[in-house]
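A quick write-up on the structure given underneath.
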Amino acid sequence: MHWADHTAQRLSNRGGPQVSCSGITPSGEFHVGHLREILSAEMIHRACLDAGLESEYVFIVDSMDPLRRVYDFLSDSYERYIGHPLAYIPAPGPDGEPGDGSNSYAEHFLNPFLESLEEIGVSPRVIMNHETYESGGFAESIDRSISMKVEIRELIESISGRELDDGWFPYNPRDSKGSMDGVTVTGYEKPFVHWIDSHGVEGRSDIRGGDGKLPWRVDWAARWIIHGVTCEPAGKDHGAAGGSYDTGIPICRLLGGKPPDKMTYEWIQLKGMGAMSSSSGLTIGPMEALELVPPEIMRYIIARSKMGRHIEFDTGSSLFQAAEEYERLVAEPPEEEDGMSKRQRVAVRTQKGAIRLSQSVRGSEPSESIGGVSFSHLSMLAQIKKSDEVVWDSLRKSGHLEGDPSTSLIGRLAKMRSWIGGSHFPEDGRVRILTEARDEVREEIGQEGVVFLEGLCLALEDGGWDYESIGACIRETADKVGTPRRMGYTILYRILLGRDYGPKASTLIGEMSRDDFVSLARSYFQE
RNA sequence: GGGCCUGUAGCUUAGUCAGGUAGAGCGCCGGGCUUUUAACCCGGUGGCCGGGGGUUCGAAUCCCCUCAGGCCCGCCA
């Protein structure tokens, strides 16, 4: 059974309406790794719906989290915002300088990400955490936390092994400048927390507003209660022993809630480059990834892997592999058959689940996502056909397409073109036509090849320069000089691409000019 | 120091929670195909399940130890 379906089954035992949740801090550019966070939860949500449960998917944006430090892409001017909630800091401009404040730091990074989510069929209920604070949503939890300060403190210290300092308080007020760093709480009179800040200024924060927040480990437990979260897959960092999941669960109970089960997922790694990290600069943003990868394939990459496994995200040749695997499964959906072992049945169900959950539109027919044309075929066409119209013509001729291309097919071609045009496209997927003879090829094709090419050049002198005529010439020449047709094609692929296989030979040749082809072929039999 | 994940065929992996004769895809090899969309069809090759010990009638699966890789323990998906 697919992990999402399995989780849905567990959640149905828990009962009640289901709320799957993700939480991400918008401290910098979003990257592909974040898609796993989102999709893991969203797929569980869909599996719940498919299981007939009432379910919702919410995306909580940690907009109340403070800016930790001045990141590389920020100017030094951001020094003064350290400790301020991301929702109350102006967005950086292209130069890294703070903007005019019309757009907050949190929104600045969040908005493009939401667009990416739209594209892969994820439309969460977005909750800006700072708004929940502002509207007083956290007030009760804050009050409870303060009254249970001793118990919470003990829990965190004993489970995480951390020693909290004497001034620790389960609420971090914002100081006279708006920062949450270096503020000492001096007292609590519901609903006000009194404090003195590092500048010596005294003040008070209303727990019913955005004047401060719960510390992370308590915040997490509290939001589960506030939003009724029943399931929240978290990055493995939260899952470490003594990590925030281990403290969140008992704290949530202490505050009177029913926490979700601990569930963690592994990182996505960039092939050969280690884990995604905003600070290392080695990231592929979701926008960038989705410019290359069709939505269903992106979802499939997440859906086919169990949560506990690393995913090597690679925009090179393994993307072809993933796409082909997806297409194969869609073309021939696995079915349970008599005589299958229990394991085989499980495998079939898992694969069917992965395909189902990979659709960007829930419940849509998987074969529509492919649009009748395989990923690798499209990559070839996109490389040898300059204009989209010619690609459609070719597809109509080959019977892949009737009438106008679908929106999804147009999108696929556009993505394919940007993939091919960019630096991520794998070399061995590239169709590069050679322009002159190569010694090793000369050796491979031997005398038989020379005779065949001579005959072919002769045959191509006259006649039309269209795929059909060219194809006919190839077949006729092969028969005439006594070369098996298969060998004739192999010879052509060798001189054209330096490989034994390739896209349809007549199509390839037809894309060249007659002179170019003849001069390439001649270079093998003329000194 | 503490903890987590992973290790199954050349590659990607299923099966591990609920122990019952090792499954799949790709690749590779062979055959077929008198238009080769890197295609398609048929057949085949291939694994002491990282290693060792234990529990059991029976272990890839449970327990202990060990090796290797990745990672977490202020914040980070």
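All of these numbers come straight from a predicted model, not from anything done at the bench. In what follows, chains carry the letters A, B, and so on, assigned in the order in which the sequence lines appear, proteins first and then strands, with residues in each chain numbered from 1.
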Same-atom distance ([atom1]) from [N] to [M], integer angstrom:
N      : M      : atom1 : value
G58(B) : G20(B) : P     : 15 Å
C40(B) : C26(B) : P     : 9 Å
C72(B) : C29(B) : C1'   : 46 Å
G54(B) : U45(B) : P     : 35 Å
G15(B) : U55(B) : P     : 29 Å
G1(B)  : C65(B) : P     : 15 Å
G7(B)  : U12(B) : C1'   : 14 Å
G46(B) : G69(B) : P     : 31 Å

| query | Atom CG in Leu155(A), atom OG1 in Thr247(A): separation rounded to 0.5 Å? | reply | 8.0 Å

| Distance (rounded to the nearest 0.5 Å) between Tyr489(A) OH and Asp500(A) CG | 15.5 Å

Using atom [atom1] of [X] as one end and atom [atom2] of [N] as the other, report the distance to the nearest whole Å.
X         : N      : atom1 : atom2 : value
Ile24(A)  : C76(B) : CD1   : P     : 11 Å
Ile38(A)  : C76(B) : CD1   : P     : 15 Å
Met416(A) : A38(B) : CE    : P     : 13 Å
Arg217(A) : C72(B) : CZ    : C1'   : 12 Å
Lys352(A) : A14(B) : NZ    : C1'   : 17 Å
Ile311(A) : A77(B) : CD1   : P     : 16 Å
His2(A)   : G15(B) : NE2   : P     : 10 Å
Leu492(A) : U35(B) : CG    : P     : 16 Å

| Ring geometry between Phe320(A) and Phe425(A) (parallel below 30°, tilted from 30 to 60°, perpendicular above 60°) | perpendicular

| query | In terms of the angle between their ring planes, are Trp465(A) and Phe517(A) parallel, tilted or perpendicular, with boundaries placed at 30° and 60°? | reply | tilted

| said: Is there a side-chain contact between Tyr81(A) and Leu86(A) in this structure, where contact means two heavy atoms from C-beta onward sitting under 4.5 Å apart? | reply: no

| query | Just wondering, do Arg356(A) and Asp5(A) contact through their side chains at under 4.5 Å, heavy atoms? | reply | yes

| If you pin Gln383(A) and Arg36(A) to their nearest nucleotides in RNA chain B, which one's is more 5'? | Gln383(A)

| said: With nearest nucleotide decided by heavy atoms, which residue, Thr350(A) or Arg499(A), maps closer to the 5′ end of RNA chain B? | reply: Thr350(A)

| Residues which pass salt bridge (charged side-chain N to carboxylate O under 4.0 Å, His left out) with Arg299(A), listed by chain and number, not counting sequence neighbours | Glu42(A)

Using the ring centroid of each side chain, check whether [X] and [Y] are separated by less than 6.0 Å.
X         : Y         : answer
Phe109(A) : Tyr105(A) : yes
Phe73(A)  : Tyr71(A)  : yes
Trp216(A) : Tyr245(A) : no

Of the candidate nucleotides [options], which contains the atom at the shortest distance from the side chain of [X]?
X         : options                : result
Ala347(A) : A14(B), C75(B), C71(B) : A14(B)
Arg68(A)  : G74(B), A38(B), C17(B) : G74(B)
His34(A)  : A77(B), A38(B), C17(B) : A77(B)
Val431(A) : A77(B), A38(B), C76(B) : A38(B)
His31(A)  : A77(B), U36(B), C76(B) : A77(B)

| Reckon Ser376(A) touches a base, only the sugar-phosphate, or nothing at all at heavy-atom distances under 4.0 Å? | nothing

| request: Could you run through nucleotides 2-7 of chain B and give me one letter per nucleotide, 5' to 3': B if any protein heavy atom sits under 4.0 Å from the base, S if only the sugar-phosphate is that close, - if neither? | output: -S-SSS

| request: Give the B/S/- string for nucleotides 39-44 of chain B, one per nucleotide from 5' to 3', where a protein heavy atom under 4.0 Å of the base yields B, of only the sugar-phosphate yields S, and otherwise -. | output: ------

| More than 12 non-hydrogen atoms from neighbouring residues, nucleotides or ligands closer than 6.0 Å to CD on Glu157(A), yes or no? | yes

| Is the shortest side-chain N/O distance from Ser27(A) to OP1 or OP2 of C75(B) below 4.0 Å? | no

| message | Please enumerate all residues that pass ring-ring contact (aromatic ring centres under 6.0 Å, His included) together with Tyr265(A), with sequence neighbours excluded. | response | none

| Which nucleotides of RNA chain B pair, in dot-bracket form (Watson-Crick or G-U under 3.5 Å, | meaning another strand) | (((((((..((((......[..)))).(((((.......))))).....(((((..]....))))))))))))....

| Quick one: do the Tyr88(A) and Ser63(A) side chains pair a donor with an acceptor below 3.5 Å? | no

| message | With no hydrogens and no angle check, just 3.5 Å: does a side-chain donor-acceptor pair link Tyr326(A) and Ser369(A)? | response | yes

| task | Write down the atom of Met64(A), the atom of Met180(A), and the distance for their closest heavy-atom approach. | result | O-CE, 3.5 Å

| Which pair of heavy atoms, one from Pro85(A) and one from Ile89(A), lies closest together, and at what distance? | O-CG1, 3.3 Å

Protein-nucleic acid N or O pairs under 3.5 Å, nucleotides 23-27 of chain B:
| from | atom 1 | to | atom 2 | distance (Å) |
| --- | --- | --- | --- | --- |
| G25(B) | O3' | Arg328(A) | NE | 3.4 |
| G25(B) | O2' | Arg328(A) | NE | 3.3 |
| G25(B) | O2' | Arg328(A) | NH2 | 2.2 |

